[in-house]
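What you are looking at is a predicted structure, and each value in this text was computed from that prediction instead of being measured. Convention: sequence-line order gives letters A, B, ...; per-chain numbering from 1.
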2 protein chains.
Amino acid sequence: MSGIRDIAKLANVSNGTVSAVLNGKGDALRIAAATRERVWEAARALNYRPNIPARRLRTADDTGVPVVALFWTWDTRSSLMGRFLKGIQSSPLCQENGVELLIQPYASSCLGKELSLLRGTRFNGAIIANATELDLAYLSQVNLPLPVVLYQRSQEGYRSIQVDHYASGCEVAELFHAKGFRQVGLITPHVSSQAIQLRQEGFVETAERLGMLVAGEHRLLDAFSEQGGYEAAARLSSGPPLPEALFVLCDQMAIGALTAFRERGIEVPGQIQVVGYDDSEGAAFTVPSLTSVHLPVERMAAAAIGLLAKLIDPGRELAVIETFATHIVYRNSCPEVKNL
Amino acid sequence: MSGIRDIAKLANVSNGTVSAVLNGKGDALRIAAATRERVWEAARALNYRPNIPARRLRTADDTGVPVVALFWTWDTRSSLMGRFLKGIQSSPLCQENGVELLIQPYASSCLGKELSLLRGTRFNGAIIANATELDLAYLSQVNLPLPVVLYQRSQEGYRSIQVDHYASGCEVAELFHAKGFRQVGLITPHVSSQAIQLRQEGFVETAERLGMLVAGEHRLLDAFSEQGGYEAAARLSSGPPLPEALFVLCDQMAIGALTAFRERGIEVPGQIQVVGYDDSEGAAFTVPSLTSVHLPVERMAAAAIGLLAKLIDPGRELAVIETFATHIVYRNSCPEVKNL
DNA sequence: CTGAAAGCGCTAACAT
DNA sequence: ATGTTAGCGCTTTCAG
């Protein structure tokens with residue numbers, strides 16, 4: 001990279017002049033038109049691009065804002081990313097330009113390849129989302145030189161923002177129990193995720209404790225997408241007797257499942273009731289509308305950045321909730337029991 | 001903000017020592033445990049936070065990557081933001097850490113308040129998305145000191161990545177014409193957006209040119225959301241005779257509209273056919289599935305960052321498509337005409 | 001084991 | 001109208 005001095009040399013002026021011209025202060029300093037032209041030309045010839053860190057260091061007026069990186073995997077579904085960012089943006093910190101947000105994409109299970117995390121040279125702190133079990137294992141054995149907040153994961157030695165996934169699973173099982181169901185099923189996305197794992201465990205263990213049967217053929221695994229949910233539900237309906245109710249661990253798959261049932265003439269909630277997870281924006285507009293466990297993504301995102309800001313800069317006193325509660329949003333695919 | 005020298009003073013060591021300790025090089029340099037402790041304590045007491053720009057300037061190994069800001073309004077729907085980011089992330093530039101992506105939220109119509117754009121001190125270039133007419137007016141009268149790429153907007157003096165919205169509108173009108181419809185309608189989101197405006201004009205003008213009627217009561221305006229689409233469709237169905245086909249300018253509203261029709265027993269596509277816009281992830285799973293104009297958000301996002309990188313650094317030779325084509329994805333709400 | 005000093009690329013104040 | 005120079009806050013030799 002060529003710098004301002006190279007331009008100065010090429011244009012036969014001093015670096016001060018170059019800086020002035022390049023920053024549009026030519027007028028103020030009444031620099032000769034010919035000189036300006038020479039400077040611009042040299043800059044162009046050298047492919048000059050200002051060094052932002054250097055500029056900011058010198059300018060200093062906004063040198064004070066902490067830089068925060070958001071590690072997000074690029075293979076996850078867009079809608080959650082959107083909701084998460086919306087939550088981040090809604091946080092007062094962002095609105096007042098109190099932090100600078102850097103997006104740092106990483107590949108699932110490859111967090112270890114992100115050296116910027118290890119070196120800590122590019123940002124003051126990081127929010128890590130979508131960590132797989134492998135990523136968590138990596139985190140457990142490194143000692144990062146900067147504060148980190150995990151989103152939807154928990155790992156010794158790290159702070160987290162999350163919901164109690166296990167409890168969410170229990171809640172759904174309890175709902176099915178209250179409705180008097182005996183045979184229940186679940187559809188799980190095929191991903192390595194603590195969150196999914198816990199939801200599943202909470203559901204299955206509670207179901208069994210309450211005397212319901214979660215038969216092996218009623219436990220389906222498929223891709224984390226509408227299509228995956230469709231396939232899983234298709235397999236479910238082509239086989240043995242249906243369960244009375246089905247917990248689908250993410251809305252996207254639930255939406256696909258509803259389609260599969262409808263195509264096969266299986267009535268929801270008549271023959272089988274369905275509960276999704278996430279309470280995504282589209283859940284209210286499926287047919288039938290989808291009962292779903294509401295995940296407060298936006299609030300959690302805001303909490304994550306708040307917590308991180310506090311870790312970076314203990315001066316601020318922000319009370320931050322670190323574990324959020326979920327609740328079931330009742331719609332038609334699994335109507336509310338009034339006398340629960 | 002206190003710096004490394006303050007710590008040095010407080011801990012009675014030199015700044016070199018402080019730096020070494022803080023960067024975990026205590027071991028390598030065999031610095032006394034007591035000294036380390038003093039340093040850490042002083043750092044904590046002073047609420048020390050490293051100055052990232054300064055550190056990067058010095059470290060210099062990654063000082064070369066251009067910094068790019070993405071201006072996005074926080075009041076837009078999440079799903080598009082997610083798709084856009086996914087597209088950005090999928091670009092080779094991002095994958096190879098060839099750029100540093102900064103998220104810069106701004107309030108609709110308030111782009112003028114973002115001084116970082118004017119000063120150009122925080123990044124090398126910017127992608128501006130969701131600009132309203134007011135924002136464009138602002139852009140037309142300032143002279144920004146850095147390269148800018150507009151997403152889905154066009155404005156003299158700026159480069160853009162976009163689709164031909166007008167042509168998209170025409171395409172839908174032509175489809176309706178080919179199907180032999182005479183009375184068509186449209187639902188428009190209530191936002192200030194060139195893109196929406198152009199789609200609408202393209203549709204209406206072409207419809208009229210082809211001899212179809214777009215009656216005043218068949219032109220609805222409502223909120224940019226499922227709910228808005230629902231309300232608009234509800235008004236449409238409670239009034240005068242329905243149009244034969246309806247162009248809904250965004251999928252979210254189309255999804256709401258389908259719900260409204262179903263609740264009222266109006267058959268789609270039997271009594272009215274519906275075409276949406278965006279081809280969002282959920283469009284395949286509505287009832288009936290939604291025919292929609294596919295917007296190549298992901299590819300456009302990748303093109304936007306590619307174009308910007310090229311503007312920042314003319315050295316790179318990347319061929320960038322600046323205008324993308326849309327196409328209609330046929331599903332059940334408006335089936336394909338075979339002999340078109 | 002620790003201190004002193006140079007310099008990253010840039011801007012701004014001060015000279016000329 | 002342009003050149004000179006002093007740092008911004010930090011890391012990193014190099015001397016002790």
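Applying the ring-ring contact (aromatic ring centres under 6.0 Å, His included) test to pairs two or more places apart or on separate chains, those with a residue in residues 75-94 of chain B are B:Trp72-B:Phe84, B:Phe84-B:Tyr151. Screening residues 142-151 of chain A for salt bridge (charged side-chain N to carboxylate O under 4.0 Å, His left out), with sequence neighbours left out, gives no hits. Here side-chain hydrogen bond (donor to acceptor under 3.5 Å, both in side chains) pairs that include residues 32-42 of chain B, with residues two or more places apart or in two chains, are B:Asp27-B:Arg36. For residues 131-147 of chain A, the side-chain hydrogen bond (donor to acceptor under 3.5 Å, both in side chains) pairs, not counting sequence neighbours, are A:Ser109-A:Thr132, A:Thr132-A:Asp135.
We find that NZ of B:Lys9 is positioned 14 Å from P of C:dA4, with the value rounded to whole Å. In this structure, the CD1 atom of B:Ile7 is 13 Å from the P atom of D:dG9, given to the nearest Å. A:Asp6 places its CG atom 11 Å from the P atom of C:dC8, with the value rounded to the nearest Å. If you take CG of B:Leu57 and C1' of D:dG7, they are 12 Å apart, rounded to a whole angstrom. A:Asn12 places its CG atom 12 Å from the P atom of D:dT4, with the value rounded to the nearest Å.
Closest heavy-atom contact between B:Pro53 and A:Leu57: CB-N, 4.2 Å.
A donor-acceptor contact under 3.5 angstrom links the side chains of A:His165 and A:Gln152, judged on distance only.
Judged purely by atom type and a 3.5 angstrom limit, A:Thr73 has no side-chain atom pairing as donor or acceptor with the backbone of A:Tyr106.
End-to-end axis angle of the helix from C:dC1-D:dG16 to C:dT16-D:dA1, using five pairs per end and rounding to 10°, comes to 50°.
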- Message: Treating primed atoms plus P, OP1 and OP2 as sugar-phosphate and everything else as base, which nucleotides of nucleotides 10-16 of chain C get B, S or - for protein heavy atoms under 4.0 Å?
- Response: BBB----
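In summary, A:Arg83 and A:Glu298 engage in a salt bridge, as defined by a charged side-chain N under 4.0 Å from a carboxylate O.
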